[in-house]
Student: 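Before I ask anything, here is the structure I am working with.
In this text the structure is predicted, and so the values were computed from the model without any measurement. Protein chains get the first letters and strands the later ones, always in sequence-line order, with residue 1 at the start of each.
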Protein chains: 2
Amino acid sequence: MSRPLTARQQHVFDFIVKTMGEFGYPPTRAEIAKALGFRSPNAAEEHLRALERKGVIRIIRNTSRGIRLPNQEPQEALDTAASAVPANLETPLHTGLPVIGEVAAGSPILAAEHIDRYCPLPAEYFTPKADYLLRVRGLSMKDIGILEGDLLAVHRTERVRDGQIVVARLDDEVTVKRFKRQGHQVTLYAENSEFDPIEIDLRSQSLDIEGVGVGVIRGGNGQALG
Amino acid sequence: MSRPLTARQQHVFDFIVKTMGEFGYPPTRAEIAKALGFRSPNAAEEHLRALERKGVIRIIRNTSRGIRLPNQEPQEALDTAASAVPANLETPLHTGLPVIGEVAAGSPILAAEHIDRYCPLPAEYFTPKADYLLRVRGLSMKDIGILEGDLLAVHRTERVRDGQIVVARLDDEVTVKRFKRQGHQVTLYAENSEFDPIEIDLRSQSLDIEGVGVGVIRGGNGQALG
DNA sequence: GAACATACTGTATACTTAACCACTTATCGA
DNA sequence: TCGATAAGTGGTTAAGTATACAGTATGTTC
């Protein structure tokens, strides 16, 4: 596993736990900074990232107070919080498939900071096995039932065949399309008549294949259905 | 105390409790609005104020996610919420959700002989919780991304609201449609321009609601994706 | 029938917050 | 002495969020 927390990191963690118990919601960066005496919220931010790297918290990106303690049962988390020192920090807090939200330009898809949460489904549920779930943006694949907000199960591979649904990186943007190749000419088809196919000449443009779509999940975690 | 909550206020309160339990922090106005189907966050705001007036929550001003449930013991909050919701039918003891294939005419959906297999996903992954997965036949709902062979996660209930995707039994046939009711007249809409809506007069025809759709899974067990 | 509460839509604004960038200081092991 | 890590300061920006204001519609109460 990872290294134990430093003293300062432990202070930050304790404050999160205390805040959860006291107010029922996690603190903001600014609140952490104030409580710990930092003059900059950035100090809190970096501590949070360290805590996440070490697996003791989870950060929900772009969400105010988006800090989660590992315990599966949040109510248990509160109880634990009230009384105890975090004893088993080394406990793996995630099982299942990582859900990838926004992917920052230039960074690998599976970077820890892209992981929104985990879906408790074994990778082998899909064939070939899924390596992660990618949150779909836009409606370019709606004609084959892949809608905005859906989770696309993705099998990591660079070897794709014509007609497969692929996750590709084009100009640092991650996109889901149907793949077709003729020599050095690749066409990425949207499944939506309002979108035009994308033509790529591999001699002049770069195209990175991140994987193939192997499944779709919709409706988890309160997402609407319809 | 003050007057009891209205039905709508109860919905909002339940959603807050659910969010607290699921994520460990309270929802924002916008999240409430989205979950309850409001188009304006102000609707959520006014519900929150009503809930505060009636003493069931406390609002911390100018604070993101500043909603507190009064109960010191979080478990109590959950109990309250649970009891406010109609009793659930049966809790499956096996792990995973049963997958229902063909449903024989005249027999209950959840009869053992209909269960194809189990999908290793907790019922609570969906909201409200899924009771089973129904294998979809036909393309009548393709415009909202529900295709043939998909597994529709279904929450068992007879209480459905306009616009929801319902599993209904009509003339002993199980069908998935969008529900709309005006008095004793029910219309079941397909989401596919090639299908006509089905009109039912409850005075002369019987319509059994088996549940509402809460999610979709595609691609499990080798099923193709596109 | 006026007064009031509920239950919203729609728009706008200002505050809150997460997240980034550039930079500094100190410690520790190689 | 170099590089890596920890622990910050200070400031910026865009997104997230609470909240006010102006309406509409439908009931219930007196």
Student: Just compare C:dA19, C:dT6, D:dA18 and give me whichever is closest to any side-chain atom of A:Asn62.
Tutor: C:dA19
Student: Can you check the A:Ile59 CD1 to C:dC20 P distance for me, whole Å?
Tutor: 11 Å
Student: With sequence neighbours excluded, what pairs up with A:Phe23 under the side-chain contact (heavy atoms from CB on, under 4.5 Å) test?
Tutor: A:Thr19, A:Tyr25, B:Arg68
Student: Just verifying a value: how many Å separate B:Glu210 CD and B:Arg156 CZ, rounded to the nearest 0.5 Å?
Tutor: 7.0 Å
Student: Kindly write out the residues that satisfy salt bridge (charged side-chain N to carboxylate O under 4.0 Å, His left out) with A:Asp201, not counting sequence neighbours, or none if the list is empty.
Tutor: A:Arg203
Student: Distance check needed: C:dT17 P versus A:Ile67 CD1, whole Å only.
Tutor: 12 Å
Student: Quick one, give me the B/S/- string for nucleotides 20-30 of chain D, reading 5' to 3', where B means a protein heavy atom under 4.0 Å from the base and S means that only happens at the primed atoms, P, OP1 or OP2.
Tutor: BBB--------
Student: Not counting sequence neighbours, which residues clear side chain to side chain donor-acceptor pair (under 3.5 Å) with A:Ser40? List them please.
Tutor: none
Student: With a 4.5 Å limit on heavy-atom distance, are the side chains of A:Val166 and A:Arg178 in contact?
Tutor: no
Student: For A:Leu48 and D:dG8, what is the distance between atoms CG and P respectively, to the nearest whole Å?
Tutor: 13 Å
Student: Using the side-chain heavy atoms of A:Ala43, tell me which of these nucleotides is nearest: D:dT9, C:dA19, D:dT19.
Tutor: D:dT9
Student: In terms of the nearest nucleotide of DNA chain D, which residue is placed more toward the 5' end: A:Gln9 or B:Thr28?
Tutor: A:Gln9
Student: Rounded to whole angstroms, how far apart are CZ on B:Arg29 and P on C:dC8?
Tutor: 16 Å
Student: Using atom CZ of A:Phe38 as one end and atom P of D:dA6 as the other, report the distance to the nearest whole Å.
Tutor: 14 Å
Student: Not counting sequence neighbours, which residues clear side-chain contact (heavy atoms from CB on, under 4.5 Å) with B:Phe195? List them please.
Tutor: B:Ser140, B:Ala190, B:Asn192
Student: List for me each residue that meets side-chain contact (heavy atoms from CB on, under 4.5 Å) alongside A:Glu31, sequence neighbours excluded, and say none if there are none.
Tutor: A:Pro27, A:Thr28, A:Arg65
Student: Look for any protein N or O under 3.5 Å of an N or O in nucleotides 24-30 of chain C and output each such pair with its distance, or none.
Tutor:
none

Student: What residues form a salt bridge (charged side-chain N to carboxylate O under 4.0 Å, His left out) with A:Arg39, not counting sequence neighbours?
Tutor: none
Student: As a test of reading the structure: which of D:dA7, C:dC8, D:dT9 is closest to the side chain of A:His47, going by heavy atoms?
Tutor: D:dA7
Student: State, to the nearest 10°, the angle formed by the axis through the first five base pairs of the helix from C:dG1-D:dC30 to C:dA30-D:dT1 and the axis through its last five.
Tutor: 40°
Student: Using atom CD1 of A:Ile32 as one end and atom P of D:dT9 as the other, report the distance to the nearest whole Å.
Tutor: 14 Å
Student: What's the spacing between B:Thr6 OG1 and B:Leu51 CG if we round to 0.5 Å?
Tutor: 8.0 Å
Student: Without decimals, in angstroms, what is the distance between A:Arg61 CZ and C:dA19 C1'?
Tutor: 10 Å
Student: Which residues satisfy the salt bridge (charged side-chain N to carboxylate O under 4.0 Å, His left out) test with A:Lys129, sequence neighbours excluded?
Tutor: A:Asp131
Student: Are any of B:Ser64's side-chain N or O atoms less than 4.0 Å away from OP1 or OP2 of D:dG16?
Tutor: no
Student: Using the side chain to side chain donor-acceptor pair (under 3.5 Å) criterion, which residues pair with A:Asp208? Sequence neighbours excluded.
Tutor: none
Student: To the nearest angstrom, how far is B:Ile60 atom CD1 from D:dT17 atom C1'?
Tutor: 15 Å
Student: Go through the structure and list residues passing side chain to side chain donor-acceptor pair (under 3.5 Å) with B:Glu194, not counting sequence neighbours.
Tutor: none
Student: By nearest heavy atom, map B:Arg8 and A:Thr63 onto DNA chain C; which one lands nearer the 5' end?
Tutor: B:Arg8
